[in-house]
> 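Dropping the structure in here first, questions after.
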Number of protein chains: 2
Amino acid sequence: MEARIEKIKQQLQSQGYKLTPQREATVRVLLENEEDHLSAEDVYMLVKEKAPEIGLATVYRTLELLSDLHVVEKMNFGDGVARYDLRNDNNTHHHHHLICVQCGAVDEIMEDWLTPLEERLEKEFHFKVIDHRLDFQGICHRCNKKDK
Amino acid sequence: MEARIEKIKQQLQSQGYKLTPQREATVRVLLENEEDHLSAEDVYMLVKEKAPEIGLATVYRTLELLSDLHVVEKMNFGDGVARYDLRNDNNTHHHHHLICVQCGAVDEIMEDWLTPLEERLEKEFHFKVIDHRLDFQGICHRCNKKDK
DNA sequence: CTCCGTGCAAATAGTTTGCACTTAC
DNA sequence: GTAAGTGCAAACTATTTGCACGGAG
């Protein structure tokens, strides 16, 4: 955890930004809730527990900054709220989402299933892929069980 | 085109809704711009050309209704604007998006590449897929050419 | 001293809602 | 006549911005 903060600090500094206490608190919240897909408001409330004087605008600005640096990914699941996901070490994003339409849970699949498709895209469509996003909507295994 | 409007009319009526002139004008705009991914505001401006007395709220309400009936799909590409896409005849949604990060164009691939993955999801993850969404971000073939 | 970063409040953008009026059956 | 649908304006929500202040080098 400390190592990851250190790395993010260096990424910021290499672009001329500082890891201020507010930014660090925000990053820590993201690290501690890596499974979840927090909204800016979620992050704000969690950061407030540690650093009550922080402002919502700062959280937005920090998330925006981290998003520009590809430290987090900004994402939108269709409920008018942006959600933020820490990217992994090489700042790529290769996981897929399983969104349960019944309970709203968002699970992740950490494998990348799309590499063959991306190759096909470049060959057949001359589209150079930089990133992708794959979400499945359906009923998760927990709700499947409950329904029986 | 008329046949498709007729079909949508029946879908509405089967749920107790009417195809009012405003709703019809909205559907026509969607049909005429099926390639594009129009925002509510886009639809509003296009509808206004034919039916200047229509209100923006009505367009929103119509799109919401059509979305509930799975006639259109409401979608979000990350630029804080909801976009609406007509679904195809059986109201399923099996196409993928190629989003160009340079010129902003959104192209579509009409094939469904994911059936094998969905089968795997149900078997390995016990996740029952209802729908999916696959977007690729990258450089489109037009921009690729221009850059040379 | 200078500049970056911050908190607060005000502004903005997209969307939704309340309400009185209209329209189709 | 009743209920669904509409236009308008006001409300609301998420996010952004302007600005004066605070702190590190």
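Numbers restart at 1 for each chain; the letters A, B, ... are given by sequence-line order, proteins then strands.
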> Ignoring backbone atoms, test whether T20(B) places a side-chain nitrogen or oxygen under 4.0 Å from the OP1 or OP2 oxygen of dT23(C).
no
> Between dT6(D), dT15(C), dT16(D), which nucleotide has the shortest distance from any of its atoms to the side chain of E64(A)?
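Of the options given, the side chain of E64(A) lies nearest dT16(D).
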> Round to a whole Å and report the spacing from CG of L19(A) to P of dT6(C).
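One finds 10 Å between P of dT6(C) and CG of L19(A), rounded.
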> What is the nucleic acid contact for L56(B), judged by heavy atoms within less than 4.0 Å: base, sugar-phosphate only, or nothing?
base
> May I have the distance from E24(A) (atom CD) to dG5(C) (atom C1'), rounded to whole angstrom?
15 Å
> Within the pair Y60(B) and dT15(C), is there a side-chain N or O less than 4.0 Å away from OP1 or OP2?
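For Y60(B), the contact criterion (side-chain N or O under 4.0 Å from OP1 or OP2 of dT15(C)) is met.
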> Between R61(B) and dT17(C), is there a side-chain N or O to OP1/OP2 distance below 4.0 Å?
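No, no such contact exists.
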> Of the listed nucleotides (dG5(C), dT16(C), dG5(D)), which one gets closest to any side-chain atom of R23(A)?
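Within the option list, the nearest is dG5(C).
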> Using whole Å, report how far CG of D79(B) lies from P of dG14(C).
9 Å
> How close or far is atom P of dA4(D) from atom CD of Q15(B), stated in whole angstroms?
14 Å
> Rounded to whole angstroms, how far apart are CG on L66(B) and P on dG5(D)?
12 Å
> Atom NZ of K18(B) and atom C1' of dT23(C): how far apart are they, to the nearest Å?
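About 7 Å, once rounded to whole Å.
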> Side chains of E118(A) and H132(A) only: does a donor on one sit below 3.5 Å from an acceptor on the other?
yes
> Given the rule in the ring pair (Phe, Tyr, Trp, His ring centres under 6.0 Å) test, do F136(A) and H96(A) qualify, once you have shown the distances and angles that lead to the verdict?
CA-CA 8 Å; F136(A) 293 94; H96(A) 315 313; 7.3 Å; no
> Does dG7(C) have OP1 or OP2 under 4.0 Å away from a side-chain N or O of T58(A)?
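Yes, T58(A) has a side-chain N/O under 4.0 Å of OP1/OP2 on dG7(C).
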> For dG14(C), does OP1 or OP2 lie under 4.0 Å from any side-chain N or O of S39(B)?
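False: S39(B) side-chain N/O out of range (4.0 Å or more) of dG14(C) OP1/OP2.
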> Verify the cluster assignment for L66(A) and V81(A): are they in a single hydrophobic cluster under the rule of side-chain heavy atoms below 4.5 Å apart?
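No, no single cluster joins them.
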> How many Å lie between OH on Y17(A) and P on dG5(C), as a whole number?
7 Å
> Nearest to the I54(B) side chain among dG7(D), dG5(D), dT15(D), which nucleotide is it?
dG7(D)
> May I have the distance from Y84(B) (atom OH) to dG14(C) (atom P), rounded to whole angstrom?
12 Å
> Using a cut-off of 4.0 Å on non-hydrogen atoms, how would the nucleic acid contact of E53(A) be classed: base, sugar-phosphate, or nothing?
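Counting heavy atoms under 4.0 Å across all strands, the contact made by E53(A) is with sugar-phosphate only.
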> Is there a donor in the side chain of Q11(B) and an acceptor in the side chain of H70(B), or the other way round, less than 3.5 Å apart?
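Per modelled atom types, Q11(B) and H70(B) side chains form no pair under 3.5 Å.
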> Under 4.0 Å, heavy atoms only, any strand: does Q22(A) hit a base, just the sugar-phosphate, or nothing?
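The residue Q22(A) makes sugar-phosphate contact but no base contact.
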> What distance separates L19(B) CG from Q10(B) CD, expressed to the nearest 0.5 Å?
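Reported to 0.5 Å precision, the distance equals 11.0 Å.
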